[in-house]
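Report on the following structure.
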Protein chains: 2
Amino acid sequence: MLLTLLGVSNADREPRRSSRQEARRAATRAEILEAAWELVREHGLAALSLRDLAARVGMRAPSLYSYFDSKHALYDAMFADGYRQALAELDPSGPDDTRRALKAWARTFFDFCNADPVRAQLMFQRPVPGWEPSPDAYAPSVEFLERTRRAFAARGITDPQDLDLWTALLSGLVSQQLANEPGGDRWARLVDRVCDMYVNDIETKHKERQ
Amino acid sequence: MLLTLLGVSNADREPRRSSRQEARRAATRAEILEAAWELVREHGLAALSLRDLAARVGMRAPSLYSYFDSKHALYDAMFADGYRQALAELDPSGPDDTRRALKAWARTFFDFCNADPVRAQLMFQRPVPGWEPSPDAYAPSVEFLERTRRAFAARGITDPQDLDLWTALLSGLVSQQLANEPGGDRWARLVDRVCDMYVNDIETKHKERQ
DNA sequence: GTCTATAGGGTGATAGAC
DNA sequence: GTCTATCACCCTATAGAC
């Protein structure tokens, strides 16, 4: 289960290994993944090279192929890793009061993106020419969206357009912050205001229907 | 002046040329620029290569250096070109009614981005590792923002935070559309609603102050 | 699993002939 | 201005020794 979380559940199609070996392997994989994040934070997503990555973990480039089938598989693992971190850090439940709950969640999400702009870029844009996430890598991403959908449904927000609006509002604040002042707080200060605008709009819509 | 618009106003530091030669040169530069847009639309921004570009205009790669000092200079020219197109196509004036004017402008802006996602990516994100626009290339971008600022001021919207909010709302709709359904209209249908939310919020704020 | 060696490509940029 | 030739790198991926 821990191995699954680390993205090393390929035991089925790999030669049989003792659990000891498997744990070692998973640890190395995680180490490579962490080094990859460091490098893209330093030089940008598209500038990642296997030579640099291998050097960072004290290997030669070909050795990486024991852990990842290709560079695209590495991007896949990073993409899934980003969403696993999001699932671990972002809890869409919260206070009963929808307004307060959305503000808390929005702020956490904003900080999550702002804390690691490159991670956000990989998760929410398509910044590597020639690569897009494989179906496997999409799994945690789908789970993340589904969890959000359920949390909104529990608060009576079920219209898909309302959800699209919510994602647009948040991604707007984040994308402006990352593009114009990465790591800063110029758009962070607008998070509460945007949440109020959103809830006001939804409430008005509901009243008009009655 | 036309030459300035085409981004070839370097006559000062270049050898003296007849206006005939200069026009020829500007035309070739424009042709290269157009070919560059075609290529990045096909293969992505970061995948542009000088060899491909030269082939597209019937040259060899080194000949491009007669027109652009470096690959970064080419990205600079494209960046400025994008904003010049925006200045030509997007008119922030409009009906007296602020609500209607903002809706018209927002829709035009959304369509401008959606019509050419790669252009929007170059203008509003930082998608090429190792490159950022030079101060020169920024000029049309600054003019674009300044024009927006003036149009809002003419409607009584002067708080910089209100402008930041506006850019966040629009860039959110655009970024979701481009990332999830490039060229489609899933978020286009929310443009009017977001404008209404924005104007409602500003009006409420003004009333509270009285 | 890790290595060396290398295949088989790619890249931006420059020198110098014409 | 355009060319050929080339420099000096870069890259991902594989073969095969250990």
Side-chain angles (χ1 to χ4, degrees), chain A residues 8 10-11 13-18 20-33 35-36 39-40 42-78 128-132 134, chain B residues 8 10-11 13-18 20-33 35-36 39-40 42-78 128-132 134:
Chain A
V8 264
N10 10 5
R13 51 181 168 85
E14 294 281 322
R16 202 170 289 166
R17 256 186 284 268
S18 78
R20 176 112 177 59
Q21 287 172 314
E22 215 152 347
R24 186 81 205 81
R25 202 178 141 76
T28 307
R29 243 185 95 106
E31 191 188 337
I32 293 170
L33 218 49
L39 282 172
V40 297
E42 288 166 27
H43 304 117
L45 268 176
L48 178 64
S49 92
L50 296 185
R51 278 175 167 76
D52 289 352
L53 177 56
R56 178 74 53 123
V57 295
M59 284 180 180
R60 306 296 174 145
S63 306
L64 295 175
Y65 285 85
S66 301
Y67 299 94
F68 296 94
D69 289 343
S70 69
K71 195 184 184 183
H72 281 188
L74 179 66
Y75 280 126
D76 275 344
M78 296 173 76
V128 182
W131 170 78
E132 61 174 282
S134 73
Chain B
V8 263
N10 9 7
R13 50 182 167 82
E14 294 280 324
R16 201 170 291 166
R17 257 187 282 268
S18 79
R20 175 106 178 61
Q21 286 171 314
E22 214 150 348
R24 187 80 204 81
R25 202 179 142 75
T28 306
R29 243 184 94 106
E31 191 187 337
I32 293 169
L33 218 49
L39 282 172
V40 297
E42 289 167 26
H43 305 116
L45 268 175
L48 178 64
S49 93
L50 296 185
R51 280 172 169 78
D52 289 352
L53 176 56
R56 178 73 54 123
V57 295
M59 285 180 179
R60 306 293 176 150
S63 307
L64 295 175
Y65 285 85
S66 301
Y67 300 95
F68 296 93
D69 289 342
S70 68
K71 196 184 181 183
H72 282 187
L74 179 66
Y75 281 126
D76 276 343
M78 295 173 77
V128 182
W131 170 77
E132 61 175 283
S134 74

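Letters go in sequence order (proteins before strands), and every chain restarts at 1.
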Output all residues satisfying side-chain contact (heavy atoms from CB on, under 4.5 Å) with B:Ala47, sequence neighbours left out; order by chain, then residue number.
-> A:Pro129, B:His43
Contacts of type salt bridge (charged side-chain N to carboxylate O under 4.0 Å, His left out), residue A:Glu31, not counting sequence neighbours | none
Look at all strands and tell whether A:Ser49 reaches a base, only sugar-phosphate, or nothing, counting heavy atoms closer than 4.0 Å.
-> sugar-phosphate
How long is the line joining NE2 of B:His72 and P of C:dA13, in whole Å?
-> 7 Å
Could you tell me which residues satisfy salt bridge (charged side-chain N to carboxylate O under 4.0 Å, His left out) with A:Arg56, sequence neighbours excluded, listed by chain and number?
-> A:Glu38, A:Glu42
Salt bridge (charged side-chain N to carboxylate O under 4.0 Å, His left out) partners for B:Glu132, two or more places apart | none
Please list, in 5' to 3' order, the outermost nucleotides of DNA chain D lying under 4.0 Å from any heavy atom of chain A.
-> D:dC11 to D:dT14
How would you list, by chain and number, every residue that makes a side chain to side chain donor-acceptor pair (under 3.5 Å) with A:Ser70, sequence neighbours excluded?
-> none
A:Ala61 backbone acceptor or donor facing A:Arg51 side chain under 3.5 Å | no
DNA chain D nearest-nucleotide lookup for B:Arg51 and B:Thr28: closer to the 5′ end is B:Thr28
Separation of atom OH in B:Tyr65 from atom C1' in C:dA15, rounded to whole Å = 14 Å
Which part of the nucleic acid does A:Leu64 contact within heavy-atom distance under 4.0 Å: base, sugar-phosphate only, or nothing?
-> nothing
